[in-house]
Amino acid sequence: MINIVLFGKPGAGKGTQAEFLKEKYNLVHLSTGDIFRYNIKNETKLGKLAKTYMDKGDLVPDEVTINMLEDEVDNTLGAKGFLYDGFPRTLAQAIELDKFLATKKWKVAATIALEADDEILIHRVLERGKTSGRSDDQDEEKIRHRYQEYNEKTAPLTAYYKEQSKYYPVNGIGSIAEITERLSNIIDNL
């Protein structure tokens, strides 16, 4: 069982890269964004609650996120591994993920961080917003707020995973194929 955390700011290419990695390594892609959107679209109790935070550009509280994610993992137990996209985003979530995985005698194998300049990412997100229909992708002020939240709440994760020798930064600028190759080189050497 391999568990990989794919890390990066909105617009860094996590979703795009996850599509390639899940196929190549036969992993289940767990995107908190997709899980949120499914729950929001289907107007579940957790979805309605998550939407109130997302509409303001805030991160969804840990308890809501963790409950959604645990349900998804429990529903796909036959998998060879999981690719966590957009989770964990806080130190508390990382600790909860480790506890949850330990109940199954699993662990995070690697945290791979796609890194890119904020101004490049903001441009990417605004472009995505033209077709995504997401209100939080169409407002530059909200995007900058999301990055501020990301910096404040996720910065401790870098140290957490570095202490465990599980943190791998990757240049997120280049062609999709170049970035996929960089990610694959890390996974192949785990």
Side-chain angles (χ1 to χ4, degrees), residues 1-12 14-19 21-22 25-114 125 132-137 142-143 145-161 163-164 166-167:
M1 177 62 60
I2 186 168
N3 290 284
I4 297 171
V5 173
L6 192 56
F7 201 55
K9 293 179 181 175
K14 295 181 303 295
T16 300
Q17 290 302 322
E19 288 300 312
L21 297 176
K22 78 176 188 179
Y25 297 101
N26 197 22
L27 302 172
V28 174
H29 176 211
L30 295 175
S31 162
T32 52
D34 290 346
I35 294 167
F36 289 149
R37 284 186 283 280
Y38 171 84
N39 281 276
I40 290 167
K41 180 180 179 185
N42 291 288
E43 298 185 351
T44 68
K45 183 179 177 182
L46 289 173
K48 289 177 184 178
L49 182 58
K51 187 175 185 327
T52 64
Y53 293 94
M54 292 172 72
D55 284 348
K56 292 185 277 187
D58 292 339
L59 295 178
V60 176
D62 291 347
E63 184 178 343
V64 176
T65 304
I66 290 164
N67 288 338
M68 284 187 199
L69 187 75
E70 287 179 357
D71 286 348
E72 290 294 318
V73 170
D74 287 340
N75 289 330
T76 52
L77 285 178
K80 287 180 88 176
F82 293 92
L83 182 62
Y84 298 89
D85 169 4
F87 186 89
R89 290 189 184 204
T90 65
L91 186 55
Q93 287 180 359
I95 292 167
E96 287 302 313
L97 178 61
D98 285 346
K99 287 179 186 176
F100 174 67
L101 294 177
T103 67
K104 300 181 179 309
K105 297 184 172 45
W106 302 343
K107 62 181 181 177
V108 171
T111 297
I112 303 172
L114 288 168
V125 174
S132 72
R134 291 177 52 182
S135 64
D136 61 339
D137 280 356
K142 285 183 181 179
I143 296 166
H145 179 71
R146 286 161 64 194
Y147 287 5
Q148 181 181 351
E149 287 263 306
Y150 179 96
N151 290 336
E152 291 171 6
K153 295 182 178 177
T154 61
L157 288 172
T158 301
Y160 180 76
Y161 286 115
E163 287 173 15
Q164 298 177 35
K166 295 179 181 179
Y167 184 81

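Computed from a predicted model, the values in this text were never measured in an experiment. We number each residue from 1, following the sequence as shown. When reading the values below, keep in mind they use all heavy atoms of this one structure, side chains included, and skip hydrogens, waters and symmetry mates.
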So do the side chains of M1 and F82 get within less than 4.5 Å of each other, counting heavy atoms only? yes

What is the ring orientation for Y150 with F7, classed by angle as parallel under 30°, tilted 30 to 60°, or perpendicular over 60°?
tilted

Closest non-hydrogen atoms of R89 and G86, given as atom of the first, atom of the second and distance, are NE-O, 2.9 Å

* Heavy-atom donor-acceptor pair, T90 side chain to Q93 backbone, under 3.5 Å -> yes

CG (L101) and CG (N3) are apart, to the nearest 0.5 Å, by 5.0 Å

- Item | From CA spacing to verdict: side chain to side chain contact (heavy atoms under 4.5 Å, CB included), Y161, V108 | CA-CA 9 Å; Y161 286 115; V108 171; 4.2 Å; yes

* Are side-chain heavy atoms of T65 and F36 found at a separation under 4.5 Å? -> yes

Any ion pair linking E149 and R146 (charged N to carboxylate O, less than 4.0 Å)? no

In terms of heavy-atom contacts, D137 and S132 come closest through OD2-OG, 3.3 Å

Here the pair of heavy atoms bringing P10 nearest to V125 is O-CG2, 3.5 Å

Checklist line | Min side-chain heavy-atom separation Y25-I2 under 4.5 Å | finding: no

Under 4.0 Å between a Lys/Arg side-chain N and an Asp/Glu carboxylate O for D34 and K41?
no

Rounded to the nearest 0.5 Å, the OG1 atom of T16 sits from the CD atom of E19 at a distance of 8.0 Å

Heavy-atom nearest pair, A94 first then P88, reads N-CB, 3.4 Å

Between D62 and A92, the two heavy atoms sitting closest are OD2-CB, 3.3 Å

Test item: K51 side-chain N/O and I40 main-chain N/O as donor-acceptor pair under 3.5 Å: no

Separation between CE (M68) and CG (N39), nearest 0.5 Å, reads 4.5 Å

Practice problem: Kindly indicate, with the supporting measurements, whether the criterion side chain to side chain contact (heavy atoms under 4.5 Å, CB included) is fulfilled by I66 and F87. | Solution: CA-CA 9 Å; I66 290 164; F87 186 89; 3.7 Å; yes

Between the CD atom in E72 and the CG atom in L30, the distance rounded to the nearest 0.5 Å is 6.5 Å

Quick one: does K104's side chain get under 4.5 Å of V73's, heavy atoms only? yes

For G57 and H145 the tightest heavy-atom approach is O-CD2, 3.4 Å

Y84 meets the ring pair (Phe, Tyr, Trp, His ring centres under 6.0 Å) criterion, sequence neighbours left out, with none

In this structure, CG of L91 is separated from CD of E96 (nearest 0.5 Å) by 10.5 Å

Quiz item: Is any side-chain heavy atom of L21 closer than 4.5 Å to a side-chain heavy atom of H29?
Solution: no

Item to complete: Could you check V5 against L97 for side chain to side chain contact (heavy atoms under 4.5 Å, CB included), going step by step and ending with a plain yes or no?
Response: CA-CA 10 Å; V5 173; L97 178 61; 4.2 Å; yes

Rounding to 0.5 Å, atoms CD1 (I35) and CG (L46) come to a distance of 11.0 Å

- For atom CD of E63, decide whether the heavy atoms of other residues, nucleotides or ligands shown that lie under 6.0 angstrom number more than 12. no

